[in-house]
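What follows is a short report on a single structure.
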2 protein chains.
Amino acid sequence: MDGKKVTLRDLALQAGLSVNTVSRALKDKEDIAAATRQMIKDLAKEMGYVGNALAGSLRSGLTKTIAVIVSDVANPHFGIMVKEIEKAARKHHYTIFVINTEDDHELEERAIYTAIGKNVDGILICPSQRSADTIRILKKNGVPFVLIGRRFEDEPEFDYVICDDEKGGYLAAKHLLESGHERVLYLNGPSRISSARERLAGFLRAYRETGLPVREDLIIEVEPTAGDTRKIVKQLIEQKADFTGIFAFNDVIAWEAVYVLQKYGYRVPGDYAVIGFDNIQSRMFLPFQLSSISNSKGKMSKRAVDILLHKINHPGAKESYRDVIDTALILRDSTKPSGRGDG
Amino acid sequence: MDGKKVTLRDLALQAGLSVNTVSRALKDKEDIAAATRQMIKDLAKEMGYVGNALAGSLRSGLTKTIAVIVSDVANPHFGIMVKEIEKAARKHHYTIFVINTEDDHELEERAIYTAIGKNVDGILICPSQRSADTIRILKKNGVPFVLIGRRFEDEPEFDYVICDDEKGGYLAAKHLLESGHERVLYLNGPSRISSARERLAGFLRAYRETGLPVREDLIIEVEPTAGDTRKIVKQLIEQKADFTGIFAFNDVIAWEAVYVLQKYGYRVPGDYAVIGFDNIQSRMFLPFQLSSISNSKGKMSKRAVDILLHKINHPGAKESYRDVIDTALILRDSTKPSGRGDG
DNA sequence: TTGTATGCGTTATCAA
DNA sequence: TTGATAACGCATACAA
């Protein structure tokens with residue numbers, strides 16, 4: 001009973017019918033005798049027929065497959081996005097490839113070629129952004145795609161779904177400033193990433209509103225994948241850098257910063273106020289209450305899938321999509337002013 | 001320049017050669033004039049040819065694709081596994097489908113059918129284990145697969161890679177018992193899951209060794225995906241259940257338990273000692289030091305991929321694989337005896 | 001109601 | 001060294 005994949009041909013041979021008849025019976029076409037149809041269906045079940053979507057795809061040109069290209073699924077932010085994307089895609093009978101780029105330009109390019117080679121119907125990509133050339137390959141090959149989480153300001157033809165990074169940066173900085181933290185360390189992502197630039201813009205806007213001087217030396221770029229947050233925060237502490245608040249590009253960096261501060265015996269809140277970005281703790285109930293900026297990953301993911309499917313199903317259409325999902329301030333203990341008391 | 005996908009036929013037409021020649025040139029076959037080969041390669045690059053792996057797959061029967069079926073990529077444990085699997089697979093020029101089952105039997109079955117339908121060369125699956133029937137479909141269709149993280153004791157034909165769950169349970173319980181926690185709450189996973197049963201066996205072995213009585217009422221099953229850990233721990237606290245140590249089936253459950261304890265004003269360590277499983281914090285530097293059992297997710301993932309690829313490349317072979325990766329106790333603050341002092 | 005022929009893009013085989 | 005042809009498994013159009 002075990003063995004090779006069962007094909008339509010196997011069923012046809014067994015049933016003494018033509019491949020075509022079997023195919024139509026399984027597809028519930030009208031022009032098949034009810035008895036024949038039932039017989040074939042029973043046989044298919046009995047023989048464990050599953051069907052070869054590939055062969056059909058070759059004809060139709062559609063694979064019901066999309067590729068999701070991100071830096072790292074192990075990062076909870078992307079893990080959550082991928083989960084939501086998969087769920088939304090599955091609802092529409094799509095299956096997803098997941099390819100990690102580790103934010104590496106070459107891996108990203110390879111990922112894109114792989115996706116095209118596998119004939120995906122579309123691609124959702126969070127680009128590493130070392131250059132837009134890679135993405136242009138997609139346009140050249142006529143593969144529908146939507147950027148997610150990051151955008152290219154100077155490429156009006158690239159559709160995207162992002163969150164309101166500028167507002168998020170603004171809200172975070174404003175909150176720290178209003179809580180009395182005038183010297184804020186901003187552990188930002190690399191400036192090649194659009195969201196890092198935009199969050200910084202919001203951060204600076206908040207500073208401008210207060211009239212306080214911006215401390216350029218406290219705006220530091222961190223590689224999110226490399227995990228050098230620890231090294232940098234250690235250095236800053238050793239150097240006795242002068243800050244009382246930290247705004248981190250994402251929650252992972254924020255956690256790591258607090259991790260180091262705690263190792264040095266500092267307390268958060270209390271000695272330092274820390275706020276992250278992504279609000280991962282709305283889904284993971286960690287025993288540390290980190291304030292954060294929520295960016296509705298569920299909504300972003302679903303929206304990106306919707307747009308992508310629309311583009312897939314309306315190849316001619318010339319609309320463009322620039323969706324910016326709202327961000328909001330989520331307060332938890334890590335920025336509580338009363339932190340010093342702790343009790 | 002934008003537009004449809006470039007095919008071999010397009011290249012052939014442009015070059016004034018046959019499709020076949022173009023194909024062989026691009027594949028670096030020997031029997032092609034060097035000049036012709038170069039010309040075709042240049043042309044391919046110029047026209048942005050990417051190739052249609054699908055069509056090739058139809059012929060060869062191989063798709064260079066594997067499916068990874070897990071309960072939930074957003075769970076860091078699976079996120080890390082998927083990342084490692086993808087990396088290992090990519091090294092061998094394989095691409096992965098990721099499908100979440102939410103530990104649901106029907107979704108799992110659909111996932112398997114989807115994978116077979118897409119003609120994956122093999123499947124890595126962490127089965128929901130409501131029944132092995134679903135998995136048998138794979139055998140029936142001759143699709144190579146390897147179970148990962150869970151096994152079916154009564155199905156000797158199913159290959160697996162798991163970690164030493166029994167030992168892990170034993171180490172965790174022993175550590176708590178030796179630290180003076182005689183009443184340990186075990187927030188276990190559902191008993192349908194093999195790893196939950198095996199961790200419990202280890203847990204009980206540690207108890208037996210001490211001669212202490214096992215408190216059956218403190219062994220409680222929690223649904224990992226549903227997030228009902230909070231509800232259950234709340235209830236236990238309200239009921240003033242009698243325990244001082246907690247062993248959790250995984251780190252996510254452990255975090256959540258501590259989260260609730262902290263909400264009630266309890267301290268970990270100090271009032272309670274807590275240990276998890278999976279040692280996720282070897283990769284995520286959280287500001288809470290959770291002791292845990294490490295299970296070498298990287299090693300497990302790589303091993304599973306290796307076995308799967310071996311099975312794919314040696315369809316006849318009748319070896320079986322039952323790999324059990326070692327587990328180890330990783331101590332952090334959450335089980336520190338000096339916790340009460342807190343420095 | 002069922003069967004035959006054709007094509008999807010690629011590769012393998014064999015002939016030229 | 002190159003080209004023609006068949007085949008992979010399925011779906012469509014059309015013929016029977």
Side-chain angles (χ1 to χ4, degrees), chain A residues 3-41 43-44 47-65 113-114 116-121 141-143, chain B residues 4-41 43-44 47-65 113 116-121 141-143:
Chain A
K4 297 250 51 79
K5 265 199 77 164
V6 181
T7 69
L8 280 185
R9 193 166 162 280
D10 297 328
L11 293 184
L13 245 53
Q14 186 69 26
L17 291 166
S18 75
V19 168
N20 166 301
T21 304
V22 174
S23 168
R24 291 208 319 285
L26 293 176
K27 290 259 162 202
D28 275 327
K29 301 271 179 182
E30 284 308 313
D31 55 355
I32 290 283
T36 310
R37 183 184 318 175
Q38 197 52 52
M39 184 266 274
I40 291 176
K41 284 193 170 182
L43 185 64
M47 296 181 63
Y49 174 75
V50 176
N52 183 345
L54 235 64
S57 298
L58 193 55
R59 276 210 107 256
S60 66
L62 291 178
T63 53
K64 287 281 182 184
T65 298
Y113 277 113
T114 300
I116 300 177
K118 301 264 183 194
N119 275 35
V120 298
D121 294 343
N141 277 274
V143 181
Chain B
K4 298 251 47 80
K5 268 198 73 164
V6 181
T7 69
L8 280 184
R9 195 168 161 278
D10 297 328
L11 293 183
L13 246 53
Q14 187 68 25
L17 291 165
S18 77
V19 167
N20 173 304
T21 304
V22 175
S23 167
R24 291 209 317 285
L26 293 176
K27 291 262 164 200
D28 276 326
K29 302 271 178 184
E30 284 309 314
D31 55 356
I32 289 283
T36 311
R37 183 184 322 179
Q38 197 52 51
M39 183 266 274
I40 291 177
K41 284 193 171 182
L43 183 65
M47 295 181 64
Y49 174 74
V50 175
N52 184 346
L54 233 63
S57 299
L58 190 57
R59 273 219 111 254
S60 65
L62 291 178
T63 53
K64 287 282 184 184
T65 298
Y113 278 113
I116 300 177
K118 301 263 181 195
N119 273 35
V120 299
D121 294 343
N141 277 274
V143 181

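Throughout, protein chains are lettered first and strands after them, A, B, ... in sequence-line order, and every chain is numbered starting at 1.
Contact between the side-chain N/O atoms of Tyr49(A) and the OP1/OP2 oxygens of dG9(D) is not found at any separation under 4.0 Å. At the phosphate of dG9(C), neither OP1 nor OP2 sits under 4.0 Å from any side-chain N or O atom of Ser23(B). OP1 or OP2 of dA12(C) sits under 4.0 Å from a side-chain N or O of Lys29(B).
Within 4.0 Å of Asp31(A), counting heavy atoms only, lies at least one base atom of the nucleic acid.
Distances from the side chain of Lys27(B) to the nucleotides dC10(D), dT11(C), dG9(C) place dT11(C) closest. The side chain of Arg59(A) approaches dG7(C) more closely than any other nucleotide in the set dG7(C), dG9(D), dA7(D). Taking the side chain of Leu58(B) as heavy atoms from C-beta on, and the options dT10(C), dG9(C), dC10(D), the nearest nucleotide is dG9(C). Minimum atom distance to the side chain of Ser18(B) is reached by dG3(D), of the listed dG3(D), dT12(D), dT11(C). Distance from the side chain of Ala33(B) is smallest to dT1(D) among dG3(D), dT10(C), dT1(D). Of the candidates dT10(C), dC10(D), dT2(C), dT2(C) carries the atom nearest the Thr36(A) side chain, counting heavy atoms from C-beta on.
Summary of the strand contacts: Glu30(B) and Ser57(B) both lie near DNA chain D, and taking for each the nucleotide with the nearest heavy atom, the more 5' one is attributed to Glu30(B).
Overall bending of the helix from dT1(C)-dA16(D) to dA16(C)-dT1(D), expressed as the angle between end axes built from five pairs apiece, is 50° (10° steps).
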